[in-house]
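Here's the structure, in structure tokens; my notes come after.
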2 protein chains.
Amino acid sequence: MPKTVDHTERRAGIADALVRVAARDGLHAVTLRAVAAEAGVSLRLVQYYFETKAQLLHGTLLLLEERSRTRWAARLAALPRPVPARAYVEAFLAEALPTDERSRAFHLVWTSYAVLAMTDPELAGQPFVAGPARLERELTGVLRHARASGELAADRDPATEAARLLAVNHGLGTSVLVGQRGPDDAMEVLRYHVGRLFDG
Amino acid sequence: MPKTVDHTERRAGIADALVRVAARDGLHAVTLRAVAAEAGVSLRLVQYYFETKAQLLHGTLLLLEERSRTRWAARLAALPRPVPARAYVEAFLAEALPTDERSRAFHLVWTSYAVLAMTDPELAGQPFVAGPARLERELTGVLRHARASGELAADRDPATEAARLLAVNHGLGTSVLVGQRGPDDAMEVLRYHVGRLFDG
DNA sequence: TCCTTCATGGTACACATGTATCATATCAGC
DNA sequence: GCTGATATGATACATGTGTACCATGAAGGA
């Protein structure tokens, strides 16, 4: 075998270019040629590493989800054990809000794709619904445990509280993305919410 | 002047066709020809009543917002005076969740357009950010008044609570649109939230 | 050394889309 | 009844897009 190129790395470079284009001009502006130009490669190369456009998008989303999972795991590892529910929740919220540029790009691409999945049953199955659903289950478990240990008040419903947390988080994220609110203001509201949750 | 046709009505018919196409196939599938076919008119007619595609989208969004405002006013008119804050909030939440098919189409189009506005500064100005912002101000006012009258606890911050309400509402709306949750479950969470807000 | 396979460049093709243009029927007003 | 503006039909055009095809350099194994 000749030339020997790291496909994973090449694919990551192209996927990053896609994310940059999408974050700058929107997902509708993501064309094979635009991604190729942004990545500094030829159109043919994008075709070579991702057979089709659907696979390009799919692969990019998978990469984003994997990185998100990694960051989340790193945050969790930095917490004391056993993990206090409040620290867990706050770590989650700090991760799931578009604060810096990278995070903004991530959430923008994700949200755009979610909107596509709303009408395309082909896309609906994949992790773009399952990811948040999984997070919600995990959060529910943490809150349930916290309630059992007395960290959370007994009259709180873990499942509903988890749904509420994800909902308020997503809603604030959207308001930041559209420029209605700054990340700091959004974080303020989230802190208020968490404070209410644990301190009543 | 000949023929005399009601332009407003014609435009409304075409705009409705656009909403149907967008709700069924997504905003990316909204093409002049698709809208024309859905409306049962020729491509030329769509061009005639909306000079350009941007104006078609813009006009449709304006129509949707006007109708939304009308429905909201009707709900408000049905409430007893002076309006109890809790009733006001519950009316708002009942309106702002994609329950039936019409509401789902409305929210889907709105969300899709909001995603476009995230990267297109041309679109960012229009009511698609101002609408929710205005609602948030109104809600803040109602909650402030409620706090003054004792209907809302004194340790609640009206502005933050309003932001939180809109955020959780939007987040739940999105989860319904992507099929993660049914409208009933979402309404359940909202009721829980409102209950917490007023009853502690 | 040669040859097969990988990596990459260039380009053509079919198709959809927004917009512009030409044509025509219909009817109000003089 | 004539006329001119209105409403609508049909179609052409330039452009962008995803995909397919052909060619070629590069390098490791026989």
Side-chain angles (χ1 to χ4, degrees), chain A residues 1-22 24-61 109 112-113 115-117 119-120 122-123, chain B residues 1-22 24-61 109 112-113 115-117 119-120 122-123:
Chain A
M1 293 167 186
K3 219 24 185 343
T4 204
V5 170
D6 187 345
H7 272 226
T8 305
E9 190 181 353
R10 267 283 198 259
R11 285 167 61 95
I14 295 175
D16 284 336
L18 187 154
V19 172
R20 287 198 299 275
V21 172
R24 174 167 18 96
D25 305 324
L27 195 58
H28 63 275
V30 167
T31 170
L32 292 187
R33 287 168 178 84
V35 172
E38 176 75 27
V41 301
S42 74
L43 167 61
R44 181 66 178 83
L45 266 242
V46 180
Q47 284 188 276
Y48 185 71
Y49 288 101
F50 300 89
E51 294 286 333
T52 177
K53 186 183 181 181
Q55 290 184 37
L56 170 61
L57 279 171
H58 188 81
T60 302
L61 265 285
V109 174
S112 303
Y113 208 74
V115 168
L116 288 188
T119 52
D120 191 336
E122 192 83 9
L123 304 181
Chain B
M1 297 167 183
K3 217 23 184 341
T4 204
V5 171
D6 187 346
H7 273 225
T8 304
E9 188 182 353
R10 267 277 197 263
R11 286 167 61 96
I14 295 175
D16 284 337
L18 188 155
V19 172
R20 286 198 299 275
V21 172
R24 174 168 16 99
D25 305 324
L27 195 58
H28 63 277
V30 167
T31 170
L32 293 187
R33 286 169 178 84
V35 172
E38 176 74 27
V41 301
S42 75
L43 167 61
R44 181 66 179 81
L45 265 247
V46 180
Q47 285 187 275
Y48 185 71
Y49 289 101
F50 299 89
E51 293 287 332
T52 177
K53 186 184 181 180
Q55 290 184 37
L56 170 60
L57 279 171
H58 188 81
T60 302
L61 265 285
V109 173
S112 303
Y113 208 73
V115 169
L116 289 187
T119 51
D120 191 337
E122 192 84 10
L123 304 181

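Treat the numbers as computed from the prediction; the structure is a model and nothing was measured. A note on names: the letters A, B, ... follow the listed sequences, proteins ahead of strands, and every chain is numbered from 1.
For B:Lys53, the listed nucleotide lying nearest its side chain is C:dG18; candidates were C:dG18, D:dT8, D:dT19. Among the nucleotides D:dG9, C:dG9, C:dT19, the one closest to the side chain of B:Thr52 is C:dT19. Residue A:His7 has its side chain nearest to C:dA7 when only D:dT8, C:dA7, C:dG9 are considered.
A:Phe50 is not listed as a side-chain neighbour of A:Val35, based on a closest heavy-atom distance of 4.5 Å or more. Between B:His28 and A:Thr119, some side-chain heavy-atom pair lies under the 4.5 Å cut-off.
For B:Ser42, a side-chain nitrogen or oxygen approaches OP1 or OP2 of D:dG9 to under 4.0 Å. A:Arg10 has a side-chain polar atom (N or O) that falls below the 4.0 Å cut-off from OP1 or OP2 of C:dT8. Look at B:Tyr48 and you'll find a side-chain N or O under 4.0 angstrom from OP1 or OP2 of D:dA7.
The distance from the CG atom of B:Leu56 to the CD atom of B:Gln47 is 11.0 Å, given to the nearest 0.5 Å. To the nearest 0.5 angstrom, B:Leu116 atom CG is 6.5 Å from B:Leu123 atom CG. Here CG of A:Leu57 is found 5.5 Å from OH of A:Tyr113. Values are rounded to the nearest 0.5 Å.
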Write down the protein N/O and nucleotide N/O pairs, taken from nucleotides 21-25 of chain C, whose separation is under 3.5 Å; answer none if there are no such pairs.
from, atom 1, to, atom 2, distance (Å)
C:dT21, O4, B:Arg44, NE, 3.2

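Comparing the start and finish of the helix from C:dT1-D:dA30 to C:dC30-D:dG1, five pairs each, the helix axis swings through 10°, to the nearest 10 degrees.
Both B:Tyr49 and A:Ala54 lie close to DNA chain D; mapped to their nearest nucleotides by heavy-atom distance, the more 5′-ward contact belongs to B:Tyr49.
The stretch residues 28-40 of chain A touches DNA chain C through A:Arg33, each having a heavy atom within less than 4.0 Å of the strand.
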